[in-house]
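Order of the sequence lines fixes the chain letters, A, B, ..., with proteins taken first and strands second; residue numbering starts at 1 for each chain.
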Number of protein chains: 2
Amino acid sequence: MQNRLTINDIARLSGVGKSTVSRVLNNEGNVSPQTRERVLQVIEQEHFSPSKSARAMRGFSDKIVAIIVSRLDSPSENQAVRAMLPLFYQQGYDPIVLESQFSAERVKEHLQVLKQRNIDGVVLFGFTGLSAQMLTPWKDKLVMLARDMPGLSSVCYDDAGAVQLLMQKLLAQNIRSIGFIGVSAHDTTTGQRRSEAYRAFCQEHHLTPHIALGELTYQSGFELIPQLLSRKIQAVICASDTIAIGAQKYLQQQQIRDVQVCGIGNNPLLHFLFPESLSVELGYGAGGEAAAKQLLAQLDGSATLQQLMIPGQLAV
Amino acid sequence: MQNRLTINDIARLSGVGKSTVSRVLNNEGNVSPQTRERVLQVIEQEHFSPSKSARAMRGFSDKIVAIIVSRLDSPSENQAVRAMLPLFYQQGYDPIVLESQFSAERVKEHLQVLKQRNIDGVVLFGFTGLSAQMLTPWKDKLVMLARDMPGLSSVCYDDAGAVQLLMQKLLAQNIRSIGFIGVSAHDTTTGQRRSEAYRAFCQEHHLTPHIALGELTYQSGFELIPQLLSRKIQAVICASDTIAIGAQKYLQQQQIRDVQVCGIGNNPLLHFLFPESLSVELGYGAGGEAAAKQLLAQLDGSATLQQLMIPGQLAV
DNA sequence: CTGTTAGCGCTTTCAA
DNA sequence: TTGAAAGCGCTAACAG
């Protein structure tokens, strides 16, 4: 698969100078139709394609972006990544995918490598523990997803709004004893923001909060919901659909049918298994898309730093 | 994040020639310790790192590999990819991730782009419809996963073995009326091979086959299992855990407790939701790891083409 | 419209 | 042990 031929060979083969070939390659106007035709033909014939490295060296961009996910198997991140890919391909960018495993240290390493590569841009899935210091140098070519940081472009999900949406819906059904299963505040978005929104809503509407915190796993939902049941809740809001699945599993096993389970994420599996659940679509796909668009816009100079928030909506 | 400094600047700053800097950079021996020390210090101070493109142009490899998955959200592919990543990082390779969406055409496009990039190697997640013709040019730097093809390196999962493992286990429990929910033979591995293995096993052991074919979704499992129940099966083998989840859901809903459900893939969610299920771990992680290792070995010349098969095993 | 020329940042002879 | 010089494949002035 070596690309043995160079622009020189093509020039020779079609009897023109290499700059002419270059012009043809870059679709510049000032080439006579016949010459262009001839060159194109040779290029086609020889299956020639110009070396990216060489043009990269000429100051052209390498057309590579990086996507740093925390875990590739997180459904939300997965969905966001899949939404970005076509947008990048379409603009001729190839995405390098890197996993941070929620380690700031690893992000640092990755950025180090990316720097050598003269990468064009980065989409970083944010998580708690990332320092502004290591990111600001990248600000012009970086978009952070799922978290924001002063002086950085970002696309966030509306964590608080999602919780409110669910709470309102429950209130409207005249359900006032509502529990919450979340994750530790160590996690800013899924943890802190959603718990906080729950607390605030309870206070504002004079509801007694019932909170249980654990991990972002179905096991956690399964194990924590009994605590809440002992407080006679009529409904429970889970900080994620994964947790909700765990909670539902417990209720099903105990044959408890009068507790409304709510989740966040609109995971299709939750709906399939427990159609009676309520979930909020946070817009992971839309988030990925927005992040990619924002990055592309930043790269071609048509946009400056910007913090976006993707609205969520109740899933049907 | 522009890498403004060049090897020249470093040379100037440390009062040596650029070739010396180059030598230091490449850890060549013929540099006096003091000089080396001085240069390293400047490099460190200026946060200099050499441009990949430039060295790529000098014939050096760009240290980029591509991973062409069919769908990033397939749990099996996901798991395999995650297993590869660290291996590639460790060897200094950065992986570009591309989705084929099961379209041979798209694979072709991607390979086209990769060629321009002078990519080092490719891991391709195989699917039905790929033509040998478009892949053979890549044979030295390509490993196919989940499918094999003459003249190409590949890592396969033991589809037939997985089915046999399950069937044997059932037979040992004296269960002889066994159904099968699969997907159409259009899909070579999950479809054809697993169905075929089921059929063959039935024939060999004088069992009556009961087959229902649909798609690779939980809905499909849910919808198809009734057909099989009408044939009074005692157990059902599902071509994937996803299907198994659907089947279990139906059984649960109908309160049917005497049908043993088996799946393939060892999906943790299946075990969590329906611990009574039986599943075979096909070794997706091991497969990804094997594919990455094989590719790396091929690239550094320490291995030739090779077809591997990852053995499956019953999950506990 | 087209060819010539001079680099991009790096590695690699070849002399010193 | 070092530096000077010659490219790698390409683009971008600058002349024709």
Legend entry - Minimum-distance nucleotide (side-chain atoms of B:Ser22 versus D:dC10, C:dT11, D:dA12): C:dT11

Inset, instruction - Classify the side-chain pair A:Gln294/A:Ser153 by whether it contains a donor and acceptor separated by less than 3.5 Å. - result: yes

Inset, instruction - Give one of base, sugar-phosphate or nothing for A:Ser53, where a contact means two heavy atoms less than 4.0 Å apart. - result: nothing

Legend entry - Protein-nucleotide distance (B:Asn8, atom CG; C:dT11, atom C1'), rounded to Å: 13 Å

Inset, instruction - Looking only at side-chain atoms of B:Val16, point me to the closest of D:dC14, D:dG3, D:dC10. - result: D:dG3

Inset, instruction - Can you tell me the distance, in whole Å, between the CZ atom of A:Arg12 and the C1' atom of D:dG9? - result: 14 Å

Legend entry - Per B:Pro50 side chain, nearest of listed nucleotides C:dC10, D:dA13, D:dC10: C:dC10

Legend entry - Spacing of A:Asn30 atom CG relative to D:dG16 atom P, expressed in whole Å: 18 Å

Inset, instruction - Ignoring the backbone of B:Val31, work out which of D:dC10, C:dG3, D:dT2 is nearest its side chain. - result: D:dT2

Legend entry - Nearest-nucleotide 5' precedence on DNA chain C, A:Arg38 against B:Ala54: A:Arg38

Inset, instruction - Would you please say whether a donor-acceptor pair under 3.5 Å links the side chains of B:Arg55 and B:Asn26? - result: yes

Legend entry - First encountered from the 5' end of DNA chain D, between B:Arg36 and B:Met57: B:Arg36

Inset, instruction - Could you tell me which non-hydrogen atom of A:Val39 sits nearest to which non-hydrogen atom of A:Ser14, and how far apart they are? - result: CG2-OG, 4.0 Å

Inset, instruction - State whether the distance check finds a donor on one side and an acceptor on the other, under 3.5 Å, for side chain A:Thr20 versus base C:dG3. - result: no

Legend entry - Among C:dT12, D:dT2, D:dC10, the one nearest B:Thr35 by side-chain distance: D:dT2

Legend entry - Side chain of A:Ser19 (C-beta onward), nearest among D:dA13, D:dG3, D:dG9: D:dA13

Inset, instruction - Look at the side chain of B:Thr6 and decide which nucleotide, out of D:dT1, D:dA12, C:dG9, has an atom nearest to it. - result: C:dG9

Inset, instruction - For residues A:Gln79 and A:Gly285, report the shortest heavy-atom separation together with the two atoms involved. - result: NE2-N, 4.0 Å

Legend entry - Nearest-Å distance for atom pair CD1/C1', residues A:Ile7 and C:dT2: 14 Å

Inset, instruction - Could you tell me the separation between the CZ atom of B:Arg58 and the C1' atom of C:dT11, rounded to a whole number of Å? - result: 5 Å

Inset, instruction - Send over the distance from B:Glu37 CD to D:dT1 C1', rounded to a whole Å. - result: 17 Å

Legend entry - Distance in angstrom units between A:Lys18 NZ and D:dC10 C1', rounded: 7 Å

Inset, instruction - Answer with yes or no whether the side chains of A:Thr188 and A:Arg193 bring together a donor and an acceptor at under 3.5 Å. - result: no

Inset, instruction - Please state how far atom NZ in B:Lys52 lies from atom C1' in C:dT11, giving the value in whole angstrom units. - result: 16 Å

